[in-house]
Amino acid sequence: MNLGVKQLDGLTQKRLETWVKEAQRRSQLGQLPTYIPQLAQVKPLEFVVQILTLTGKSYQAGDATLRFPLMSVIKPFLLLNRLVELGEDEVFKRVGVQPSDQPFNSLEQLQTDDGWPRNPMLNSGAIALAALLPGQDADSRCDYLCSWLNQFAHCDLVLDQDILESVRSVPNPKNQRLIATLQASGYINNPDVTLDTYNQICCLSATISDLAQLGLLLAQPSQPQWQVCCRMVKALMMTCGLYQASGQFAVQVGLPTKSGVSGAVLSIIPQQGAIACYSPPLDSEGNSVGSLFLIQKMAQSLGLSVFN
């Protein structure tokens, strides 16, 4: 392989559109999540993707104006913010870096670890980090993170109040048990504000361009002093970003990737660019069927794996 050529240069709009059609068909094998009412009412065949390269190229398919909640795709950026602002030592006093073979909201995993949140991509780990955001209440903490990301990623995230009300309308006993366990183990001290903060930051909404712009923040940090922080975030996306599927995806695809139950997925191609996808139907592990299929097709066809 010519090391002077970026593999992403092999992408064309025609190839992308062909792969998207196949990914849309595959997405019909998934199911919409039912525990957040508004997510259960979206159009299941909706499919949007954008690839941005560090050389300024853009490839896009689907409705570029569509907004969707990031949900767990916010977790890498919560981690990035806390690493940049607090430093590695302070952050990893509150959360570990070990993969888990349990679901993203597993209370059993947290209990097995004696209340220690295993990694920042699980709900327990992200909740522990949400407790470290500055601000007196959940509104100010969410606004702080949203503004920080909009400034440095040049995107336009906004809080989706409708999704937030939908989340609040249905009690989430699993997250409430996680909160109680984290409080008992000393990792949070204001459970109501922390849970509301976590819910709000997960309900930040984006267009597909916003999500791709977030990806570029990790692909090649604009702030040189962020290099180490971004490397840690990408490593944890690789090992933990797709929960139980992370190991298999790393072997088959080899790209740092994070999913959310809204159907949003973000993959980073270090030193090349980012792939942002939105396709709502999920597999049994809570990952977007169509998005993961498209990213795998692209990575294998273009040789994008970081292990190549």
Side-chain angles (χ1 to χ4, degrees), residues 30-42 68-79 94-95 100-113 115-133 135 137-139 141-142 145-146 157 159-206 240-245 258-265 280-288:
Q31 300 290 329
L32 296 180
T34 58
Y35 60 92
I36 298 175
Q38 193 149 329
L39 294 186
Q41 299 170 11
V42 300
F68 48 87
L70 293 175
M71 292 295 166
S72 285
V73 177
I74 198 64
K75 291 174 181 176
F77 300 98
L78 170 62
L79 173 61
R94 301 294 189 105
V95 63
S100 171
D101 60 0
Q102 299 298 311
F104 59 88
N105 56 1
S106 173
L107 177 64
E108 292 76 11
Q109 181 72 81
L110 188 60
Q111 291 172 331
T112 297
D113 295 335
W116 167 250
R118 179 168 284 223
N119 68 65
M121 304 302 152
L122 296 173
N123 286 13
S124 58
I127 289 169
L129 292 184
L132 298 178
L133 285 171
D137 54 28
D139 292 354
R141 293 178 181 185
C142 178
L145 182 63
C146 182
L157 307 183
L159 179 60
D160 188 324
Q161 293 287 350
D162 291 337
I163 288 288
L164 180 60
E165 288 307 312
S166 186
V167 169
R168 288 170 169 169
S169 71
V170 181
N172 189 326
K174 291 185 177 180
N175 277 351
Q176 290 170 350
R177 293 188 191 108
L178 293 175
I179 284 275
T181 303
L182 289 168
Q183 183 183 23
S185 58
Y187 292 108
I188 63 171
N189 56 20
N190 195 330
D192 292 338
V193 170
T194 298
L195 182 57
D196 196 21
T197 301
Y198 174 75
N199 286 338
Q200 287 199 38
I201 65 175
C202 287
C203 291
L204 290 174
S205 74
C240 308
L242 298 177
Y243 314 117
Q244 310 99 297
K258 186 71 194 80
S259 65
V261 296
S262 60
V265 178
L282 309 178
D283 61 23
S284 60
E285 292 161 334
N287 299 316
S288 169

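This chain uses plain numbering: 1 for the first residue, then up along the sequence.
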- Message: Is there a side-chain hydrogen bond (donor to acceptor under 3.5 Å, both in side chains) between Lys75 and Asn123? Walk through the geometry before answering.
- Response: CA-CA 9 Å; Lys75 291 174 181 176; Asn123 286 13; 2.8 Å; yes
- From Arg177 CZ over to Ser106 OG, what is the distance, rounded to the nearest 0.5 angstrom? 11.5 Å
- Message: Could you check whether any side-chain heavy atom of Asn175 comes within less than 4.5 Å of a side-chain heavy atom of Tyr198, counting everything from C-beta outward?
- Response: yes
- Message: Any side-chain to backbone donor/acceptor pair from Asn119 onto Leu122? Under 3.5 Å, distance only.
- Response: yes
- Looking only at heavy atoms, what is the nearest atom pair of Arg118 and Ser124, with distance? N-OG, 4.5 Å
- Salt bridge present between Asp196 and Arg168 (N-O < 4.0 angstrom): yes
- Tell me, yes or no, whether the heavy-atom count around Glu165 atom CD, taken from other residues, nucleotides or ligands under 6.0 Å, exceeds 12. yes
- Rounded distance [0.5 Å steps], CG in Leu132 versus OH in Tyr187: 12.0 Å
- Just wondering, do Ser72 and Lys258 contact through their side chains at under 4.5 Å, heavy atoms? yes
- Item | Exam field: side chain Asp283 to backbone Glu285, donor-acceptor pair closer than 3.5 Å | yes
- Item | Atom of Ala128, atom of Ile188 and distance for their closest heavy-atom approach | CA-CG2, 4.2 Å
- Message: Does any part of the side chain of Gln200, heavy atoms only, come nearer than 4.5 Å to the side chain of Leu164, both counted from C-beta?
- Response: yes
- What's the verdict on side chain to side chain contact (heavy atoms under 4.5 Å, CB included) for Leu32 and Leu282, showing C-alpha distance, side-chain angles and the deciding distance? CA-CA 6 Å; Leu32 296 180; Leu282 309 178; over 6 Å; no
- Query: When you check the side-chain N and O atoms of Asp162 and Gln38, is any donor under 3.5 Å from an acceptor?
  - Reply: no
- side chain to side chain contact (heavy atoms under 4.5 Å, CB included) between Met71 and Val167, intermediate numbers included: CA-CA 11 Å; Met71 292 295 166; Val167 169; 4.3 Å; yes
- Rounded to the nearest 0.5 Å, the CD1 atom of Ile201 sits from the SG atom of Cys142 at a distance of 7.0 Å
- dist Met121:CE -> Leu78:CG (nearest 0.5 Å) comes out at 9.0 Å
- Pro281 versus Gln31: any side-chain heavy-atom pair under 4.5 Å? no
- Is the closest side-chain heavy-atom distance between Thr197 and Leu145 below 4.5 Å? no
- Answer yes or no: is there a side-chain heavy-atom contact under 4.5 Å between Ile163 and Leu39? yes
- Does any non-hydrogen side-chain atom of Leu159 lie less than 4.5 Å from one of Gln161? yes
- Task: Report yes if the side chains of Leu70 and Ser205 come closer than 4.5 Å at any heavy-atom pair, otherwise no.
- Result: no
- Message: Which heavy atom of Ser166 sits nearest to which heavy atom of Ile36, and what is that distance?
- Response: OG-CG2, 3.7 Å
- Task: Give a yes or no answer on whether the side chain of Thr194 reaches the backbone of Asn190 with a donor-acceptor pair at less than 3.5 Å.
- Result: yes
- When every non-hydrogen atom of Val261 is compared with those of Phe104, the smallest separation belongs to CG1-CZ, 4.1 Å
- Item | Any side-chain donor near an acceptor of the partner, Ser259 and Asn287, under 3.5 Å | yes
- Query: Do you know the tightest heavy-atom contact between Gln41 and Pro37?
  - Reply: CG-O, 3.4 Å
- Message: Between Asn172 and Gln176, does the side-chain hydrogen bond (donor to acceptor under 3.5 Å, both in side chains) criterion hold? Intermediate values first, please.
- Response: CA-CA 6 Å; Asn172 189 326; Gln176 290 170 350; over 6 Å; no
- Message: Could you check whether any side-chain N or O of Ser185 sits under 3.5 Å from a backbone N or O of Leu182, counting only pairs where one atom can act as donor and the other as acceptor?
- Response: yes
- Message: As an exercise, state the distance from CG of Leu157 to CZ of Phe77, rounded to the nearest 0.5 Å.
- Response: 9.0 Å
- Task: Could you tell me whether the side chain of Arg141 and the main chain of Gly135 form a donor-acceptor pair under 3.5 Å?
- Result: yes
- Message: Restricting to non-hydrogen atoms, name the atom on Leu178 and the atom on Leu107 that form the minimum distance, rounded to 0.1 Å.
- Response: CD2-CA, 3.8 Å
- Task: To the nearest 0.5 angstrom, please state how far the CG atom of Leu110 sits from the CD1 atom of Ile179.
- Result: 10.5 Å
